[in-house]
There are 2 protein chains.
Amino acid sequence: MSRTIQQTTDDPEIPCQQDNRLLKAISAEIRGRIYPYLKLTELPLGMVLYESGDVMENVYFPTNSIVSLLYVMEDGRSAEISVVGNEGIVGIALFMGGLSTPSRAIVQSAGHAYRLDSKQLKAEFDRHGEMHHLLLRYTQALITQMAQTAACNRHHTIDQQLCRWLLLSMDRLKGNKLDMTQELIANMLGVRREGVTEAASKLQSAGIIQYHRGHIRVLDRPELEHRCCECYAVVKKESDRLFEEFSYPPRQQRPYR
Amino acid sequence: MSRTIQQTTDDPEIPCQQDNRLLKAISAEIRGRIYPYLKLTELPLGMVLYESGDVMENVYFPTNSIVSLLYVMEDGRSAEISVVGNEGIVGIALFMGGLSTPSRAIVQSAGHAYRLDSKQLKAEFDRHGEMHHLLLRYTQALITQMAQTAACNRHHTIDQQLCRWLLLSMDRLKGNKLDMTQELIANMLGVRREGVTEAASKLQSAGIIQYHRGHIRVLDRPELEHRCCECYAVVKKESDRLFEEFSYPPRQQRPYR
DNA sequence: GTCTGTATGTACGAAACCGCACACAAGACT
DNA sequence: AGTCTTGTGTGCGGTTTCGTACATACAGAC
(Lines give C-alpha, C1' and ligand atoms only; values in the text may rest on other atoms or scores of the structure.)
Protein backbone atom coordinates (compact mmCIF):
# COMPACT_ATOMS: atom_id res chain seq x y z
CA MET A 1 0.00 0.00 0.00
CA SER A 2 2.80 2.42 0.89
CA ARG A 3 6.33 2.62 -0.40
CA THR A 4 9.33 4.72 0.32
CA ILE A 5 8.96 8.00 -1.42
CA GLN A 6 11.00 9.16 -4.33
CA GLN A 7 11.56 12.59 -5.62
CA THR A 8 11.47 11.27 -9.15
CA THR A 9 11.11 7.87 -10.71
CA ASP A 10 12.05 6.24 -13.96
CA ASP A 11 8.94 4.12 -14.08
CA PRO A 12 6.26 6.31 -15.65
CA GLU A 13 3.61 4.25 -13.89
CA ILE A 14 4.88 5.27 -10.47
CA PRO A 15 4.05 8.90 -9.88
CA CYS A 16 6.28 11.35 -8.09
CA GLN A 17 5.15 14.09 -5.74
CA GLN A 18 5.34 16.69 -8.42
CA ASP A 19 2.58 14.96 -10.29
CA ASN A 20 0.26 16.66 -7.87
CA ARG A 21 0.02 20.27 -8.87
CA LEU A 22 -0.37 21.57 -5.33
CA LEU A 23 2.73 19.73 -4.18
CA LYS A 24 4.54 20.98 -7.23
CA ALA A 25 3.57 24.58 -6.58
CA ILE A 26 5.09 24.92 -3.12
CA SER A 27 8.55 26.33 -2.58
CA ALA A 28 11.66 24.29 -1.91
CA GLU A 29 11.66 25.24 1.74
CA ILE A 30 8.24 23.77 2.39
CA ARG A 31 8.98 20.77 0.25
CA GLY A 32 11.85 20.00 2.56
CA ARG A 33 9.50 19.92 5.51
CA ILE A 34 6.58 18.14 3.87
CA TYR A 35 8.01 15.65 1.42
CA PRO A 36 9.55 13.33 4.03
CA TYR A 37 6.10 12.68 5.43
CA LEU A 38 4.39 11.94 2.15
CA LYS A 39 3.50 8.32 1.62
CA LEU A 40 2.70 7.11 -1.83
CA THR A 41 -0.54 5.21 -1.54
CA GLU A 42 -2.49 3.15 -3.98
CA LEU A 43 -6.13 4.11 -4.29
CA PRO A 44 -8.22 1.28 -5.71
CA LEU A 45 -11.52 2.02 -7.40
CA GLY A 46 -14.32 2.52 -4.93
CA MET A 47 -12.09 3.01 -1.89
CA VAL A 48 -13.71 5.33 0.63
CA LEU A 49 -11.21 7.83 2.00
CA TYR A 50 -13.69 9.46 4.35
CA GLU A 51 -17.18 8.59 5.29
CA SER A 52 -19.60 11.35 6.15
CA GLY A 53 -18.81 12.63 9.63
CA ASP A 54 -15.47 10.85 9.96
CA VAL A 55 -12.63 12.56 11.72
CA MET A 56 -9.83 12.84 9.21
CA GLU A 57 -6.54 11.22 10.08
CA ASN A 58 -4.94 11.78 6.72
CA VAL A 59 -5.24 14.01 3.75
CA TYR A 60 -4.54 12.90 0.19
CA PHE A 61 -2.86 14.56 -2.75
CA PRO A 62 -3.99 12.60 -5.81
CA THR A 63 -1.51 12.16 -8.67
CA ASN A 64 -3.09 9.95 -11.31
CA SER A 65 -6.23 9.10 -9.36
CA ILE A 66 -9.53 10.91 -9.09
CA VAL A 67 -11.53 11.24 -5.92
CA SER A 68 -15.17 12.27 -5.84
CA LEU A 69 -16.75 14.17 -3.01
CA LEU A 70 -20.14 12.55 -2.87
CA TYR A 71 -23.08 13.64 -0.85
CA VAL A 72 -25.23 10.72 0.22
CA MET A 73 -28.78 11.43 1.34
CA GLU A 74 -30.84 9.59 3.88
CA ASP A 75 -32.67 7.56 1.27
CA GLY A 76 -29.39 6.49 -0.31
CA ARG A 77 -29.57 8.73 -3.32
CA SER A 78 -26.38 10.58 -3.98
CA ALA A 79 -24.90 13.53 -5.80
CA GLU A 80 -21.35 14.45 -6.57
CA ILE A 81 -20.36 17.76 -5.06
CA SER A 82 -16.95 18.06 -6.63
CA VAL A 83 -14.07 16.14 -8.11
CA VAL A 84 -10.50 16.18 -6.85
CA GLY A 85 -7.59 15.05 -8.97
CA ASN A 86 -3.97 16.03 -9.34
CA GLU A 87 -4.92 19.68 -9.00
CA GLY A 88 -6.08 19.36 -5.43
CA ILE A 89 -6.21 17.80 -2.02
CA VAL A 90 -8.80 15.61 -0.34
CA GLY A 91 -9.59 16.67 3.20
CA ILE A 92 -9.99 20.41 3.26
CA ALA A 93 -12.26 20.26 6.31
CA LEU A 94 -9.17 19.47 8.32
CA PHE A 95 -7.66 22.90 8.02
CA MET A 96 -10.96 24.70 7.71
CA GLY A 97 -11.53 23.74 11.29
CA GLY A 98 -14.55 21.51 11.03
CA LEU A 99 -12.61 18.28 11.47
CA SER A 100 -15.24 16.41 9.51
CA THR A 101 -17.45 16.95 6.48
CA PRO A 102 -20.92 15.67 5.81
CA SER A 103 -19.77 14.15 2.52
CA ARG A 104 -18.09 10.96 1.44
CA ALA A 105 -14.79 10.91 -0.40
CA ILE A 106 -14.64 7.95 -2.75
CA VAL A 107 -12.10 6.91 -5.36
CA GLN A 108 -13.67 7.39 -8.75
CA SER A 109 -10.67 6.44 -10.82
CA ALA A 110 -8.01 4.12 -9.45
CA GLY A 111 -4.44 5.33 -9.18
CA HIS A 112 -2.08 6.78 -6.63
CA ALA A 113 -2.09 9.60 -4.17
CA TYR A 114 0.31 10.98 -1.63
CA ARG A 115 -1.01 10.55 1.85
CA LEU A 116 -0.05 12.96 4.58
CA ASP A 117 -0.75 12.75 8.26
CA SER A 118 -3.32 15.32 9.31
CA LYS A 119 -1.06 16.67 12.04
CA GLN A 120 1.73 17.36 9.59
CA LEU A 121 -0.53 19.22 7.22
CA LYS A 122 -2.15 21.16 10.01
CA ALA A 123 1.26 22.12 11.37
CA GLU A 124 2.37 23.42 8.00
CA PHE A 125 -0.94 25.20 7.48
CA ASP A 126 -0.62 26.85 10.87
CA ARG A 127 2.70 28.36 9.95
CA HIS A 128 0.58 30.75 7.91
CA GLY A 129 3.02 30.74 5.05
CA GLU A 130 2.80 29.76 1.48
CA MET A 131 1.00 26.49 2.11
CA HIS A 132 -1.67 28.31 4.07
CA HIS A 133 -2.30 30.66 1.20
CA LEU A 134 -2.23 27.91 -1.39
CA LEU A 135 -4.70 25.72 0.46
CA LEU A 136 -7.16 28.53 1.03
CA ARG A 137 -6.88 29.50 -2.58
CA TYR A 138 -7.55 25.93 -3.61
CA THR A 139 -10.55 25.80 -1.32
CA GLN A 140 -11.89 28.85 -3.08
CA ALA A 141 -11.59 27.06 -6.42
CA LEU A 142 -13.34 24.07 -4.92
CA ILE A 143 -16.17 26.28 -3.72
CA THR A 144 -16.55 27.55 -7.25
CA GLN A 145 -16.81 24.02 -8.50
CA MET A 146 -19.45 23.19 -5.93
CA ALA A 147 -21.50 26.25 -6.78
CA GLN A 148 -21.31 25.44 -10.46
CA THR A 149 -22.37 21.88 -9.76
CA ALA A 150 -25.38 23.07 -7.81
CA ALA A 151 -26.47 25.31 -10.67
CA CYS A 152 -25.75 22.62 -13.26
CA ASN A 153 -27.88 20.14 -11.34
CA ARG A 154 -30.71 22.56 -11.51
CA HIS A 155 -30.67 23.68 -15.10
CA HIS A 156 -28.87 21.29 -17.41
CA THR A 157 -29.81 18.02 -19.01
CA ILE A 158 -28.19 14.68 -18.36
CA ASP A 159 -26.59 14.88 -21.79
CA GLN A 160 -24.85 18.11 -20.90
CA GLN A 161 -23.87 16.98 -17.46
CA LEU A 162 -22.33 13.81 -18.77
CA CYS A 163 -20.15 15.89 -21.07
CA ARG A 164 -19.12 18.08 -18.17
CA TRP A 165 -18.34 15.08 -16.05
CA LEU A 166 -16.27 13.40 -18.73
CA LEU A 167 -14.28 16.56 -19.39
CA LEU A 168 -13.58 17.18 -15.72
CA SER A 169 -12.41 13.60 -15.39
CA MET A 170 -10.25 13.63 -18.50
CA ASP A 171 -8.50 16.78 -17.35
CA ARG A 172 -7.33 14.91 -14.29
CA LEU A 173 -5.96 11.89 -16.13
CA LYS A 174 -3.30 11.47 -18.72
CA GLY A 175 -4.46 9.89 -21.93
CA ASN A 176 -7.99 9.71 -23.19
CA LYS A 177 -9.20 6.62 -21.40
CA LEU A 178 -11.28 6.27 -18.29
CA ASP A 179 -12.41 3.15 -16.46
CA MET A 180 -15.89 3.73 -15.20
CA THR A 181 -19.20 1.97 -15.53
CA GLN A 182 -22.35 3.81 -16.42
CA GLU A 183 -23.78 2.71 -13.12
CA LEU A 184 -21.07 4.57 -11.22
CA ILE A 185 -21.36 7.64 -13.39
CA ALA A 186 -25.07 7.64 -12.64
CA ASN A 187 -24.30 7.63 -8.90
CA MET A 188 -22.00 10.60 -9.35
CA LEU A 189 -24.48 12.61 -11.34
CA GLY A 190 -27.32 11.55 -9.10
CA VAL A 191 -29.42 10.19 -11.95
CA ARG A 192 -30.64 6.78 -13.08
CA ARG A 193 -28.26 4.41 -14.73
CA GLU A 194 -30.56 4.24 -17.74
CA GLY A 195 -30.28 7.97 -18.18
CA VAL A 196 -26.53 7.68 -18.49
CA THR A 197 -26.87 4.76 -20.90
CA GLU A 198 -29.01 6.86 -23.15
CA ALA A 199 -26.77 9.91 -23.02
CA ALA A 200 -23.65 7.80 -23.58
CA SER A 201 -25.28 6.03 -26.51
CA LYS A 202 -25.85 9.34 -28.21
CA LEU A 203 -22.23 10.31 -27.74
CA GLN A 204 -21.03 6.96 -28.99
CA SER A 205 -23.19 6.93 -32.09
CA ALA A 206 -21.97 10.45 -32.84
CA GLY A 207 -18.42 9.11 -32.73
CA ILE A 208 -17.43 11.31 -29.81
CA ILE A 209 -16.72 8.59 -27.31
CA GLN A 210 -16.36 4.86 -27.42
CA TYR A 211 -17.15 2.68 -24.47
CA HIS A 212 -17.26 -0.94 -23.61
CA ARG A 213 -18.13 -2.50 -20.31
CA GLY A 214 -16.62 0.05 -18.01
CA HIS A 215 -13.97 1.41 -20.34
CA ILE A 216 -14.51 4.78 -21.92
CA ARG A 217 -12.35 6.41 -24.53
CA VAL A 218 -12.78 9.98 -25.70
CA LEU A 219 -12.35 10.25 -29.46
CA ASP A 220 -13.46 13.79 -30.21
CA ARG A 221 -12.78 16.12 -27.37
CA PRO A 222 -13.65 19.36 -29.15
CA GLU A 223 -17.08 18.04 -29.96
CA LEU A 224 -17.48 16.94 -26.34
CA GLU A 225 -16.75 20.48 -25.24
CA HIS A 226 -19.16 21.77 -27.81
CA ARG A 227 -22.02 19.67 -26.45
CA CYS A 228 -21.19 20.59 -22.90
CA CYS A 229 -22.79 23.32 -20.88
CA GLU A 230 -20.82 26.36 -19.78
CA CYS A 231 -20.21 24.79 -16.39
CA TYR A 232 -17.10 22.94 -17.42
CA ALA A 233 -15.36 26.00 -18.78
CA VAL A 234 -16.08 28.04 -15.66
CA VAL A 235 -14.66 25.40 -13.34
CA LYS A 236 -11.62 24.84 -15.48
CA LYS A 237 -10.88 28.53 -15.76
CA GLU A 238 -11.04 28.95 -12.00
CA SER A 239 -8.78 25.97 -11.48
CA ASP A 240 -6.25 27.29 -13.98
CA ARG A 241 -6.34 30.70 -12.37
CA LEU A 242 -5.19 29.10 -9.16
CA PHE A 243 -2.04 27.66 -10.67
CA GLU A 244 -1.25 30.68 -12.74
CA GLU A 245 -0.84 32.56 -9.50
CA PHE A 246 1.35 29.88 -8.01
CA SER A 247 3.58 29.05 -10.93
CA TYR A 248 7.28 28.92 -10.09
CA PRO A 249 9.37 30.69 -11.06
CA PRO A 250 6.93 33.58 -11.27
CA ARG A 251 6.32 34.56 -14.83
CA GLN A 252 6.98 38.08 -15.94
CA GLN A 253 4.22 37.92 -18.43
CA ARG A 254 1.14 35.85 -18.26
CA PRO A 255 0.53 34.13 -21.60
CA TYR A 256 -3.22 34.33 -21.20
CA ARG A 257 -5.19 37.27 -19.97
CA MET B 1 -27.05 55.01 4.46
CA SER B 2 -24.41 54.93 7.20
CA ARG B 3 -24.57 56.17 10.74
CA THR B 4 -22.24 56.35 13.65
CA ILE B 5 -22.06 52.99 15.29
CA GLN B 6 -23.44 52.16 18.65
CA GLN B 7 -22.63 49.35 20.93
CA THR B 8 -26.27 49.07 21.88
CA THR B 9 -29.39 50.94 21.01
CA ASP B 10 -32.73 51.57 22.58
CA ASP B 11 -34.58 51.50 19.30
CA PRO B 12 -35.27 47.83 18.60
CA GLU B 13 -35.43 48.63 14.91
CA ILE B 14 -31.81 49.75 14.83
CA PRO B 15 -29.58 46.73 15.17
CA CYS B 16 -26.31 46.67 17.11
CA GLN B 17 -23.18 44.79 16.13
CA GLN B 18 -23.99 41.95 18.42
CA ASP B 19 -27.02 41.15 16.34
CA ASN B 20 -24.62 39.48 13.98
CA ARG B 21 -23.58 36.23 15.54
CA LEU B 22 -20.07 36.29 14.13
CA LEU B 23 -19.45 39.75 15.49
CA LYS B 24 -20.91 38.67 18.78
CA ALA B 25 -18.68 35.61 19.02
CA ILE B 26 -15.34 37.39 18.85
CA SER B 27 -13.43 38.34 21.96
CA ALA B 28 -13.29 41.79 23.50
CA GLU B 29 -9.78 42.39 22.23
CA ILE B 30 -10.74 41.93 18.61
CA ARG B 31 -13.95 43.85 19.07
CA GLY B 32 -11.84 46.78 20.12
CA ARG B 33 -9.96 46.67 16.88
CA ILE B 34 -12.84 45.90 14.55
CA TYR B 35 -15.88 47.69 15.90
CA PRO B 36 -14.65 51.21 15.18
CA TYR B 37 -14.55 50.40 11.49
CA LEU B 38 -18.00 48.89 11.27
CA LYS B 39 -20.54 51.01 9.44
CA LEU B 40 -24.18 50.27 9.87
CA THR B 41 -25.64 50.12 6.39
CA GLU B 42 -29.13 49.79 5.12
CA LEU B 43 -29.65 47.02 2.61
CA PRO B 44 -32.76 47.57 0.49
CA LEU B 45 -34.45 44.65 -1.20
CA GLY B 46 -32.73 43.66 -4.41
CA MET B 47 -29.51 45.56 -3.75
CA VAL B 48 -26.55 43.83 -5.34
CA LEU B 49 -23.57 43.73 -2.99
CA TYR B 50 -21.31 42.02 -5.48
CA GLU B 51 -21.73 41.16 -9.08
CA SER B 52 -20.07 38.06 -10.44
CA GLY B 53 -16.36 38.76 -10.88
CA ASP B 54 -16.33 42.00 -8.90
CA VAL B 55 -13.39 42.83 -6.72
CA MET B 56 -14.72 43.20 -3.21
CA GLU B 57 -14.16 46.48 -1.48
CA ASN B 58 -16.29 45.72 1.53
CA VAL B 59 -17.61 42.76 3.40
CA TYR B 60 -20.98 42.71 5.12
CA PHE B 61 -22.16 41.28 8.40
CA PRO B 62 -25.97 41.10 8.12
CA THR B 63 -28.02 41.70 11.23
CA ASN B 64 -31.69 41.64 10.33
CA SER B 65 -31.20 41.32 6.58
CA ILE B 66 -30.72 38.27 4.40
CA VAL B 67 -28.36 38.09 1.48
CA SER B 68 -28.51 35.40 -1.18
CA LEU B 69 -25.52 34.13 -3.05
CA LEU B 70 -26.98 33.62 -6.45
CA TYR B 71 -25.38 31.95 -9.38
CA VAL B 72 -26.49 33.42 -12.68
CA MET B 73 -25.92 31.40 -15.82
CA GLU B 74 -25.25 32.65 -19.33
CA ASP B 75 -28.86 32.27 -20.38
CA GLY B 76 -30.04 34.25 -17.38
CA ARG B 77 -31.36 31.35 -15.38
CA SER B 78 -30.25 31.41 -11.80
CA ALA B 79 -29.84 29.28 -8.73
CA GLU B 80 -29.25 30.18 -5.14
CA ILE B 81 -26.05 28.71 -3.80
CA SER B 82 -26.47 29.72 -0.19
CA VAL B 83 -28.09 32.20 2.13
CA VAL B 84 -26.29 34.49 4.53
CA GLY B 85 -28.01 36.15 7.44
CA ASN B 86 -27.05 37.19 10.93
CA GLU B 87 -25.04 34.00 11.32
CA GLY B 88 -22.51 34.93 8.68
CA ILE B 89 -20.57 37.27 6.51
CA VAL B 90 -20.87 38.18 2.85
CA GLY B 91 -17.56 38.22 1.02
CA ILE B 92 -15.61 35.14 2.02
CA ALA B 93 -13.67 35.17 -1.24
CA LEU B 94 -11.79 38.13 0.13
CA PHE B 95 -9.89 36.20 2.74
CA MET B 96 -9.89 32.95 0.82
CA GLY B 97 -7.58 34.69 -1.58
CA GLY B 98 -9.61 34.72 -4.75
CA LEU B 99 -10.57 38.38 -4.51
CA SER B 100 -13.72 37.69 -6.48
CA THR B 101 -16.38 35.04 -6.76
CA PRO B 102 -18.33 33.92 -9.78
CA SER B 103 -21.60 34.52 -7.96
CA ARG B 104 -23.84 37.46 -7.26
CA ALA B 105 -24.68 38.61 -3.76
CA ILE B 106 -28.15 40.12 -3.67
CA VAL B 107 -30.31 41.31 -0.80
CA GLN B 108 -33.17 38.91 -0.42
CA SER B 109 -34.75 40.48 2.62
CA ALA B 110 -34.29 44.15 3.34
CA GLY B 111 -32.68 45.23 6.60
CA HIS B 112 -29.32 46.27 7.94
CA ALA B 113 -25.80 44.97 7.86
CA TYR B 114 -22.47 46.11 9.22
CA ARG B 115 -20.12 46.99 6.45
CA LEU B 116 -16.40 46.62 6.92
CA ASP B 117 -13.62 47.74 4.64
CA SER B 118 -11.94 44.78 3.00
CA LYS B 119 -8.51 45.91 4.13
CA GLN B 120 -9.58 45.98 7.75
CA LEU B 121 -11.00 42.51 7.62
CA LYS B 122 -8.03 41.17 5.76
CA ALA B 123 -5.70 42.72 8.31
CA GLU B 124 -7.54 41.10 11.17
CA PHE B 125 -7.72 37.79 9.33
CA ASP B 126 -4.00 37.92 8.70
CA ARG B 127 -3.26 38.18 12.38
CA HIS B 128 -4.11 34.50 12.39
CA GLY B 129 -5.93 34.75 15.66
CA GLU B 130 -9.45 34.11 16.68
CA MET B 131 -11.04 35.90 13.76
CA HIS B 132 -9.04 33.79 11.37
CA HIS B 133 -10.28 30.62 12.96
CA LEU B 134 -13.84 31.85 13.16
CA LEU B 135 -14.01 32.89 9.53
CA LEU B 136 -12.57 29.64 8.27
CA ARG B 137 -14.94 27.74 10.45
CA TYR B 138 -17.83 29.75 9.07
CA THR B 139 -16.65 29.09 5.53
CA GLN B 140 -16.76 25.41 6.31
CA ALA B 141 -20.38 25.73 7.39
CA LEU B 142 -21.11 27.64 4.21
CA ILE B 143 -19.54 24.88 2.15
CA THR B 144 -21.86 22.43 3.85
CA GLN B 145 -24.81 24.56 2.90
CA MET B 146 -23.68 24.72 -0.69
CA ALA B 147 -23.18 20.99 -0.89
CA GLN B 148 -26.58 20.38 0.58
CA THR B 149 -28.13 22.79 -1.87
CA ALA B 150 -26.52 20.98 -4.77
CA ALA B 151 -27.91 17.66 -3.60
CA CYS B 152 -31.30 19.16 -2.82
CA ASN B 153 -31.49 20.63 -6.32
CA ARG B 154 -30.94 17.20 -7.69
CA HIS B 155 -33.28 15.08 -5.66
CA HIS B 156 -36.05 17.02 -4.02
CA THR B 157 -39.31 18.44 -5.25
CA ILE B 158 -40.22 22.10 -5.43
CA ASP B 159 -42.59 21.55 -2.51
CA GLN B 160 -39.79 20.33 -0.31
CA GLN B 161 -37.37 22.98 -1.45
CA LEU B 162 -39.82 25.74 -0.77
CA CYS B 163 -40.14 24.50 2.80
CA ARG B 164 -36.38 24.42 3.16
CA TRP B 165 -36.08 27.89 1.75
CA LEU B 166 -38.74 29.31 4.04
CA LEU B 167 -37.18 27.72 7.10
CA LEU B 168 -33.69 28.93 6.27
CA SER B 169 -35.08 32.42 5.78
CA MET B 170 -37.19 32.43 8.95
CA ASP B 171 -34.18 31.38 11.02
CA ARG B 172 -32.42 34.52 9.93
CA LEU B 173 -35.25 36.91 10.77
CA LYS B 174 -37.05 37.74 13.94
CA GLY B 175 -40.76 37.18 13.79
CA ASN B 176 -42.63 34.97 11.41
CA LYS B 177 -43.04 37.34 8.51
CA LEU B 178 -41.12 37.62 5.29
CA ASP B 179 -41.55 40.05 2.43
CA MET B 180 -40.92 38.21 -0.77
CA THR B 181 -42.82 37.65 -3.99
CA GLN B 182 -43.22 34.24 -5.48
CA GLU B 183 -41.40 35.47 -8.53
CA LEU B 184 -38.28 36.20 -6.47
CA ILE B 185 -38.49 32.93 -4.61
CA ALA B 186 -38.65 31.20 -7.98
CA ASN B 187 -35.42 32.96 -9.00
CA MET B 188 -33.74 31.78 -5.85
CA LEU B 189 -34.82 28.20 -6.25
CA GLY B 190 -34.13 28.30 -9.96
CA VAL B 191 -37.64 27.18 -10.92
CA ARG B 192 -40.65 28.69 -12.65
CA ARG B 193 -42.76 31.19 -10.82
CA GLU B 194 -45.82 29.01 -11.42
CA GLY B 195 -44.12 26.15 -9.64
CA VAL B 196 -43.74 28.29 -6.56
CA THR B 197 -47.34 29.47 -6.82
CA GLU B 198 -48.52 25.90 -6.81
CA ALA B 199 -46.31 24.82 -3.93
CA ALA B 200 -47.24 27.89 -1.89
CA SER B 201 -50.94 27.32 -2.56
CA LYS B 202 -50.68 23.86 -1.07
CA LEU B 203 -49.01 25.25 2.04
CA GLN B 204 -51.58 28.00 2.35
CA SER B 205 -54.59 25.76 1.95
CA ALA B 206 -53.07 23.46 4.57
CA GLY B 207 -52.96 26.44 6.92
CA ILE B 208 -49.18 26.34 7.24
CA ILE B 209 -48.45 29.69 5.71
CA GLN B 210 -50.44 32.69 4.68
CA TYR B 211 -49.36 35.01 1.93
CA HIS B 212 -50.60 38.02 0.12
CA ARG B 213 -48.89 39.89 -2.65
CA GLY B 214 -45.35 39.59 -1.49
CA HIS B 215 -45.98 39.15 2.21
CA ILE B 216 -45.59 35.72 3.72
CA ARG B 217 -46.41 34.68 7.25
CA VAL B 218 -45.56 31.32 8.72
CA LEU B 219 -48.40 29.98 10.86
CA ASP B 220 -47.37 26.41 11.58
CA ARG B 221 -43.66 26.02 11.70
CA PRO B 222 -43.57 22.44 12.98
CA GLU B 223 -45.64 21.31 10.03
CA LEU B 224 -43.35 23.23 7.71
CA GLU B 225 -40.41 21.30 9.09
CA HIS B 226 -42.34 18.11 8.72
CA ARG B 227 -42.94 18.66 5.04
CA CYS B 228 -39.35 19.68 4.46
CA CYS B 229 -36.57 17.46 3.23
CA GLU B 230 -33.64 16.57 5.44
CA CYS B 231 -31.56 19.33 3.89
CA TYR B 232 -32.75 22.03 6.22
CA ALA B 233 -31.88 20.11 9.36
CA VAL B 234 -28.39 19.29 8.13
CA VAL B 235 -27.59 22.90 7.32
CA LYS B 236 -29.02 24.17 10.57
CA LYS B 237 -27.14 21.63 12.63
CA GLU B 238 -23.86 22.57 10.99
CA SER B 239 -24.55 26.24 11.54
CA ASP B 240 -25.38 25.66 15.20
CA ARG B 241 -22.26 23.57 15.65
CA LEU B 242 -20.23 26.57 14.60
CA PHE B 243 -21.60 28.79 17.33
CA GLU B 244 -21.51 26.15 19.99
CA GLU B 245 -17.78 26.09 19.57
CA PHE B 246 -17.51 29.83 19.73
CA SER B 247 -19.88 30.58 22.58
CA TYR B 248 -18.44 32.86 25.24
CA PRO B 249 -17.76 32.14 27.99
CA PRO B 250 -16.89 28.58 27.06
CA ARG B 251 -19.33 26.13 28.50
CA GLN B 252 -18.12 23.36 30.72
CA GLN B 253 -20.73 21.02 29.45
CA ARG B 254 -22.37 21.08 26.11
CA PRO B 255 -26.11 20.71 26.49
CA TYR B 256 -26.47 18.84 23.21
CA ARG B 257 -24.24 16.15 21.81
C1' DG C 1 -17.67 -25.11 -23.50
C1' DT C 2 -20.76 -23.88 -19.93
C1' DC C 3 -22.00 -21.08 -16.24
C1' DT C 4 -22.52 -16.86 -13.84
C1' DG C 5 -22.18 -12.26 -12.63
C1' DT C 6 -21.83 -7.81 -14.53
C1' DA C 7 -22.61 -4.18 -17.93
C1' DT C 8 -25.59 -2.36 -21.07
C1' DG C 9 -29.98 -1.79 -24.05
C1' DT C 10 -34.94 -1.11 -24.38
C1' DA C 11 -39.58 -0.19 -23.31
C1' DC C 12 -43.53 2.03 -21.04
C1' DG C 13 -46.48 4.47 -17.99
C1' DA C 14 -46.10 8.00 -14.37
C1' DA C 15 -44.49 12.12 -12.32
C1' DA C 16 -42.34 16.52 -12.17
C1' DC C 17 -41.40 20.38 -14.34
C1' DC C 18 -41.29 23.56 -18.26
C1' DG C 19 -42.89 27.18 -21.59
C1' DC C 20 -46.48 29.70 -22.74
C1' DA C 21 -50.79 32.02 -22.73
C1' DC C 22 -54.11 34.26 -20.47
C1' DA C 23 -57.32 35.59 -16.69
C1' DC C 24 -57.96 38.03 -12.61
C1' DA C 25 -57.37 40.98 -8.71
C1' DA C 26 -55.06 44.26 -5.66
C1' DG C 27 -52.57 48.39 -5.35
C1' DA C 28 -50.40 52.43 -7.34
C1' DC C 29 -50.63 56.31 -10.22
C1' DT C 30 -52.85 60.25 -12.48
C1' DA D 1 -62.75 57.22 -11.60
C1' DG D 2 -60.06 55.21 -14.76
C1' DT D 3 -55.62 53.24 -16.09
C1' DC D 4 -51.48 50.76 -15.37
C1' DT D 5 -48.40 47.81 -13.03
C1' DT D 6 -47.65 44.05 -10.29
C1' DG D 7 -48.60 39.66 -8.07
C1' DT D 8 -51.01 35.53 -8.37
C1' DG D 9 -54.11 31.59 -10.34
C1' DT D 10 -54.94 28.26 -13.98
C1' DG D 11 -54.79 25.45 -17.88
C1' DC D 12 -52.48 22.71 -21.52
C1' DG D 13 -49.27 20.40 -24.34
C1' DG D 14 -44.40 19.08 -24.44
C1' DT D 15 -40.04 17.47 -22.50
C1' DT D 16 -37.22 15.34 -19.27
C1' DT D 17 -36.51 12.22 -15.97
C1' DC D 18 -38.12 8.52 -13.03
C1' DG D 19 -39.36 3.76 -11.55
C1' DT D 20 -39.66 -0.59 -12.95
C1' DA D 21 -39.22 -4.62 -15.54
C1' DC D 22 -36.96 -7.34 -18.56
C1' DA D 23 -33.77 -8.55 -22.47
C1' DT D 24 -29.22 -9.03 -24.24
C1' DA D 25 -24.31 -9.47 -24.39
C1' DC D 26 -19.76 -9.80 -22.80
C1' DA D 27 -15.97 -11.57 -19.54
C1' DG D 28 -14.04 -14.35 -16.42
C1' DA D 29 -14.33 -18.76 -13.64
C1' DC D 30 -14.50 -23.55 -13.69
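Throughout, a chain's letter reflects where its sequence line sits, starting with A, and its residues are numbered from 1. Quick caveat: nothing in here was measured; it's all calculated off a predicted structure. What you see below is based on every heavy atom in this structure, not just the backbone, and it leaves out hydrogens, waters and symmetry mates.
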Distance-only donor-acceptor test, B:Arg193 side-chain atoms vs D:dG7 base atoms, 3.5 Å: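 No pair found.
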Electrostatic pair B:Glu198-B:Lys202, nearest N-O below 4.0 angstrom: no
Give a yes/no answer on whether the side chain of [X] brings an N or O atom under 4.0 Å of OP1 or OP2 in [N].
{"X": "A:Arg213", "N": "D:dA27", "result": "no"}
{"X": "A:Arg77", "N": "D:dG19", "result": "yes"}
{"X": "A:Arg192", "N": "D:dC18", "result": "yes"}
{"X": "B:Thr197", "N": "D:dG7", "result": "no"}
{"X": "A:Gln182", "N": "C:dG9", "result": "yes"}
{"X": "A:His212", "N": "D:dA27", "result": "yes"}

What is the distance, rounded to the nearest whole Å, between atom [atom1] of [X] and atom [atom2] of [N]?
{"X": "B:Glu198", "N": "C:dC20", "atom1": "CD", "atom2": "P", "answer": "18 Å"}
{"X": "B:Asn153", "N": "C:dA16", "atom1": "CG", "atom2": "P", "answer": "17 Å"}
{"X": "A:Tyr211", "N": "C:dT6", "atom1": "OH", "atom2": "C1'", "answer": "15 Å"}
{"X": "B:Asp159", "N": "C:dC17", "atom1": "CG", "atom2": "P", "answer": "7 Å"}

Heavy-atom side-chain proximity of A:Asn58 to A:Thr41 below 4.5 angstrom: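 No, side chains not in contact.
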Heavy-atom pair with the smallest gap, counting every atom of A:Ile209 and A:Ala200: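 What the structure gives for the nearest pair is CD1-O, 4.0 Å.
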Candidate nucleotides C:dA7, D:dG7, C:dG19, ranked by approach to the side chain of A:Thr181 - the nearest: C:dA7
Touch class at under 4.0 angstrom, heavy-atom based, for B:Gly195 against every strand present: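 Contact class for B:Gly195: none.
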Side-chain H-bond candidate by donor/acceptor type, B:Glu238 with B:Gln148, under 3.5 Å: no
Test applied, side-chain contact (heavy atoms from CB on, under 4.5 Å); reference residue, A:Arg227; option that passes from A:Leu167, A:Ile208, A:Leu162: A:Ile208
Upstream residue (5' side of DNA chain C) when A:Arg154 and A:Glu194 are each assigned their closest nucleotide: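 Nearest nucleotide further toward 5': that of A:Glu194.
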